[in-house]
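The residues of the chain are indexed from 1 along the displayed sequence.
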Amino acid sequence: MRKKLVIKVTAGADAPERCSQAFTVAAVAVASGIEVSLWLTGESSWFALPGRAAEFELPHAAPLPELIDGIRAGGGMITVCTQCAARRDIEEKDLIEGARIAGAQVFVGEAMADGVQALVY
């Protein structure tokens, strides 16, 4: 059975180190052959919109667009929290290719499946 990692990012530009760590761990996991589901909540929700990740800067960190490209290229799923999207007027049609909007029921289902490790940043 392939290992799976579910990562929830609760911070964006408001807590750049925590945000960057989550995306970095997700990208490294995908590159290591681990199935990854990356959940964007709160201010990280903005990074599911085209061009928004390019605005993020953190010294000595991999560029967010490169991390996102690596996650997507390796088959990682990027999901924006339903409520977080609604509070920011983000709709599915607004998202980068391959991203989706889903709610807590889907998150809990993914996080509680056999063989899954969940991390929250």
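Interatomic distance, CD1 of Ile78 versus CD1 of Ile96, reported as 4.5 Å (0.5 Å rounding). The line from CD of Gln83 to CZ of Arg88 is 11.0 Å long, rounded to the nearest 0.5 Å. One finds the OG1 atom of Thr10 at 11.0 Å from the CD atom of Glu43 (value rounded to the nearest 0.5 Å). One distance of note links CZ of Arg52 with CG of Asp94; it measures 11.0 Å at 0.5 Å rounding. The CG atom of Asp14 sits 12.5 Å away from the CH2 atom of Trp46 when rounded to the nearest 0.5 Å. To the nearest 0.5 Å, atoms CZ (Phe23) and CG (Leu38) are separated by 5.0 Å.
Partner Val25 forms a side chain to side chain contact (heavy atoms under 4.5 Å, CB included) with one of Leu5, Leu67, Val36 and no other, that one being Leu5. Exactly one of Leu40, Val106, Thr41 qualifies for a side chain to side chain contact (heavy atoms under 4.5 Å, CB included) with Cys81. That residue is Thr41.
Two different hydrophobic clusters hold Val28 and Val116 under the rule that ILVMFWY side chains link at heavy-atom gaps under 4.5 Å. Taken together through direct or relayed side-chain contacts under 4.5 Å among Ile, Leu, Val, Met, Phe, Trp and Tyr, Phe47 and Val120 form parts of separate hydrophobic clusters.
Side-chain N or O atoms of Ser45 include none that pairs as donor or acceptor with a backbone N or O of Cys84 at under 3.5 Å.
The nearest pair of heavy atoms linking Ala48 to Val80 is CB-CG2, 3.3 Å. Between Cys19 and Phe56 the shortest heavy-atom distance is SG-CE1, 4.2 Å. Closest non-hydrogen pair, Gly103 versus Thr82, comes out as N-OG1, 3.0 Å. Among all heavy-atom pairs drawn from Pro65 and Ala53, the shortest one is CD-O, 3.7 Å. Of all the heavy atoms in Ile71 and Ala26, the pair that sits closest is CD1-CB, 3.6 Å.
Within the 4.5 Å cutoff, the side chain of Trp39 has heavy atoms near those of the Glu110 side chain.
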Step by step, would you call Arg100 with Met77 a side-chain contact (heavy atoms from CB on, under 4.5 Å)? CA-CA 8 Å; Arg100 66 179 178 167; Met77 171 60 70; 3.6 Å; yes
Just do the side-chain contact (heavy atoms from CB on, under 4.5 Å) check on Ser44 and Tyr121 with the steps written out, would you? CA-CA 11 Å; Ser44 70; Tyr121 286 89; over 6 Å; no
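Taking a 6.0 Å sphere around CD of Glu92, one finds it holds more than 12 heavy atoms contributed by other residues, nucleotides or ligands.
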